[in-house]
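Below, chains carry the letters A, B, ... as their sequence lines are ordered, and counting in each starts from 1. Hydrogens, waters and symmetry mates play no part in the numbers below; they use all other heavy atoms, side chains included.
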There are 2 protein chains.
Amino acid sequence: MYIKVSIVKYTLNKGGGHITTRKDVARLAGVSEATVSRVFNNIGPIREHTKQAVIKAAAELQYTPNALAQNFVRRRSGNLGVILPLLPKVHLFSKYYFAEILSGIGQAANERGYDLLLMFASIEGNLDYLRLFHARKVDALILLGRRDIPEDRASISALLEDKHPICLIGQRFAGLLADSVDADHITGSYEMVRHLVRSGHRRIAFINGPLEYSNSEDRLAGYRAALLDHDITFDASLIFEGNFSRKSGYELAHTIAGIHEHIDAVFASNDRMAIGLIQGLNELGISYEDLTVVGYDNADIAQFCNPPLTTVEVPLFEMGQLATNKLLDRMSGKLIGDPFEEKLPTRLIIRSTNI
Amino acid sequence: MYIKVSIVKYTLNKGGGHITTRKDVARLAGVSEATVSRVFNNIGPIREHTKQAVIKAAAELQYTPNALAQNFVRRRSGNLGVILPLLPKVHLFSKYYFAEILSGIGQAANERGYDLLLMFASIEGNLDYLRLFHARKVDALILLGRRDIPEDRASISALLEDKHPICLIGQRFAGLLADSVDADHITGSYEMVRHLVRSGHRRIAFINGPLEYSNSEDRLAGYRAALLDHDITFDASLIFEGNFSRKSGYELAHTIAGIHEHIDAVFASNDRMAIGLIQGLNELGISYEDLTVVGYDNADIAQFCNPPLTTVEVPLFEMGQLATNKLLDRMSGKLIGDPFEEKLPTRLIIRSTNI
DNA sequence: TTGTAGGCGTTATCAG
DNA sequence: CTGATAACGCCTACAA
């Protein structure tokens with residue numbers, strides 16, 4: 001035990017200005033500090049007169065509660081962390097993809113009083129997500145653009161073991177039970193292929209993305225299901241793989257051109273590859289009138305290119321919103337139970353009339 | 001003065017698990033808490049043996065300093081705030097624009113130990129940036145996509161009055177002395193117009209963006225300067241205004257078509273408007289062989305469209321980096337003096353061979 | 001080289 | 001209804 005003696009000290013911030021604290025407000029309003037907090041947190045019964053005095057004093061002093069102190073004592077950061085892949089390196093999905101999802105996250109987080117802490121996965125790839133929670137920089141985490149590779153698997157299962165609230169967007173890991181949100185790419189692809197078949201195409205080549213992405217598996221599954229339902233035999237020699245970049249589509253043009261007399265259409269896993277392919281085919285003298293090419297994602301370029309691309313719309317903004325809301329529900333205890341695997345519906349967008 | 005009596009309490013977090021604190025590490029290592037801090041902050045002389053003991057204990061307990069407590073006692077959030085316009089509403093600049101800048105900001109901030117706090121300007125537009133500083137949610141602020149309208153002017157001058165460290169990207173306000181970073185759009189436009197003139201075009205229409213954006217003024221200035229230097233009389237009837245959206249370019253097609261026999265080329269302030277215009281002209285039976293159209297920004301679509309668009313590359317990533325570094329320099333006192341107005345060089349990208 | 005203890009600005013728990 | 005004050009986890013002067 002010890003004796004405390006009041007000692008007055010003056011603290012100045014860099015600018016030399018004084019930082020208004022609760023104490024200042026209390027003094028000016030002639031109440032205790034606790035009362036000021038009560039007013040600001042809308043807690044307990046307070047005489048209206050007292051309340052007004054506090055409000056007036058606070059306004060006069062331009063008082064805003066210090067969020068650092070609040071977060072500290074509440075033991076929560078108020079931050080929703082968002083992990084993005086290093087964007088300059090990512091021509092995989094377009095920036096469009098992340099910008100849309102991020103907007104959805106931002107909107108939902110904002111509505112629920114959370115701030116967004118944005119982090120780019122480091123190049124080394126060894127970003128220790130656990131540390132974010134240990135340091136209490138974030139209360140929950142949304143992960144974008146993760147892949148099914150050992151590093152990602154390890155870091156994510158570490159998070160799950162410690163029961164930290166996280167949500168994956170656009171990716172699932174077989175065997176890892178984590179909350180996740182994605183679009184229903186199985187149905188999306190199914191509908192696209194069905195559309196192609198109904199339009200008279202039967203030999204449909206498929207340019208898939210890397211299988212590290214679970215949505216690549218989904219699209220393949222949809223493709224196969226549609227063929228099956230229309231009594232078309234699956235032909236593995238019609239399956240190709242790109243990396244979602246325009247260039248990879250472009251580079252496949254040669255191969256596709258070699259077989260173009262034996263196929264009716266090409267279904268690319270995203271619009272960028274479709275565009276690249278079309279450009280490559282053009283240079284080889286094959287126009288879209290000779291061979292139908294369709295894409296996926298409904299990125300900007302799908303409507304800007306010439307001719308506009310038939311594609312599948314993915315509700316990116318809504319995916320961000322949903323992930324955020326469910327994640328925050330889970331945190332607040334409003335949502336309990338098994339991990340969710342939400343799949344939002346896609347929409348076929350038919351643009352070119354010739355297919 | 002009062003008497004303090006030690007009372008032991010147990011605090012459990014929701015998960016029931018124990019949160020490791022400095023105290024735990026100190027106890028295990030057999031040192032004082034202060035010593036643990038010294039080790040983690042690399043402060044003062046410490047016997048190597050002691051240091052190792054602390055490190056070992058910390059590792060054993062998986063200790064990570066609580067950032068909330070650190071920030072609180074250091075009176076800094078460690079956050080660099082970034083204000084974005086509401087993206088879903090923004091088809092003005094492309095999302096590409098913000099994604100690139102944001103990546104640059106993220107990279108620079110990360111290197112200097114700052115986290116990114118992302119905020120979308122609210123729809124009401126009355127987001128009180130001052131409050132961010134008062135609440136200490138951010139140590140500095142980067143503002144993107146602001147316009148020269150009364151609301152923005154007011155909120156920004158309020159920030160400046162209180163001497164908070166802020167930096168504008170892509171916008172300046174005449175009369176408001178604020179740190180800012182942009183590309184050199186005057187030179188960028190100048191070079192584009194010069195290129196057109198040298199290619200034999202003399203009657204060049206100009207589709208500008210809204211004048212609320214300072215870069216619109218800059219582009220116009222560059223356009224005029226280039227004409228002047230080549231003895232071409234400025235003709236106000238060749239100046240049009242869009243809002244940076246593809247649609248606004250598309251809608252101008254009719255007007256442009258009406259005068260297309262009297263002009264040689266159209267210079268659009270961004271690629272999206274250029275693409276929209278081209279689409280509109282196509283529908284009216286005017287191909288790019290009849291009328292040269294060039295854009296600005298070098299967005300994805302500029303290289304994906306057909307034919308690829310001649311445009312001006314803007315160093316978006318570098319703008320984000322530079323703004324961040326200079327802003328943090330200013331905060332740390334490494335940079336003092338008058339507000340900077342950085343202008344990074346652009347680069348003319350000639351794509352179509354017919355112009 | 002290391003320990004002690006005050007203070008940061010809140011929240012929340014008790015008394016009154 | 002309101003005031004007093006412990007506690008949060010850490011940093012940092014100051015003391016030893």
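One can place CD of B:E33 at 11 Å from P of C:dG3, the figure rounded to the nearest angstrom. The separation between A:R136 atom CZ and D:dC8 atom P is 13 Å, rounded to whole Å. The separation between B:R27 atom CZ and C:dG3 atom C1' is 16 Å, rounded to whole Å. Across the protein-nucleic acid pair, B:R74 atom CZ and D:dC8 atom P stand 20 Å apart, rounded to whole Å. Atom C1' of nucleotide D:dC11 and atom NZ of B:K23 are separated by 16 Å, given to the nearest angstrom. Rounded to whole angstrom, the span from the CG atom of A:L68 across to the C1' atom of C:dC8 amounts to 10 Å. Atom CZ in B:R22 sits roughly 11 Å away from atom C1' in C:dT4 (whole-Å rounding).
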Please tabulate, one pair per line, all N/O donor-acceptor pairs under 3.5 Å involving side-chain atoms of residues 47-61 of chain A, not counting sequence neighbours.
{"residue": "A:E48", "atom": "OE2", "partner": "A:Q52", "partner atom": "NE2", "Å": "2.7"}

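Taking a centre distance below 5.5 Å and an interplanar angle below 30 degrees as the stacking criterion, A:F72 stacks against the six-membered base ring of D:dC8.
A donor-acceptor pair is defined here as one N or O able to donate and one able to accept, closer than 3.5 Å; no such pair exists between the side chain of B:D139 and the backbone of B:L80.
When distances run from any side-chain atom of B:V73 to the nucleotides C:dC8, D:dA4, C:dG9, the shortest one goes to C:dC8. The A:S32 side chain lies nearest to D:dG3 when the options are D:dG3, C:dC8, C:dT10.
Each of B:D179, B:I156, B:L144, B:V181 was checked for a side-chain contact (heavy atoms from CB on, under 4.5 Å) with B:L168, and the lone residue meeting it is B:I156.
The shortest distance between the side-chain N/O atoms of A:R75 and the OP1/OP2 oxygens of D:dC8 is not below 4.0 Å. For D:dC11, one of the phosphate oxygens OP1 or OP2 lies less than 4.0 angstrom from a side-chain nitrogen or oxygen of B:S37. A:Q70 has no side-chain polar atom (N or O) that falls below the 4.0 Å cut-off from OP1 or OP2 of C:dG9.
Using a 4.0 Å heavy-atom cutoff across all strands shown, A:R38 reaches at least one base atom of the nucleic acid. When heavy atoms are screened at a 4.0 angstrom cut-off, B:T35 is found touching the sugar-phosphate backbone but no base atom. Nucleic acid contact for B:V36: none, since no nucleic acid atom lies under 4.0 Å from a heavy atom of the residue.
Donor-acceptor pairing under 3.5 Å is lacking for the side chains of B:H134 and B:D128. Donor-acceptor pairing under 3.5 Å is lacking for the side chains of A:N71 and A:S77.
For the pair A:R76 and A:Y114, the cation-pi test (distance below 6.0 Å, angle within 45°) is passed.
Using a 4.0 Å cut-off between a side-chain N of Lys or Arg and a carboxylate O of Asp or Glu, A:R112 and A:D329 qualify as a salt bridge. Electrostatic pairing of B:D115 and A:K137 counts as a salt bridge here, judged by a charged N lying under 4.0 Å from a carboxylate O.
Of all the residues in residues 53-63 of chain A, A:Y63 reach under 4.0 Å from DNA chain C with at least one non-hydrogen atom. Only B:N41, B:I43, listed by number, bring a heavy atom of residues 39-52 of chain B to less than 4.0 angstrom from any atom of DNA chain D.
Within 6.0 Å of the CD atom in B:E111, the count of heavy atoms belonging to other residues, nucleotides or ligands exceeds 12.
In this structure, B:A109 and B:L116 approach most closely via the heavy-atom pair CB-CD1, 3.6 Å.
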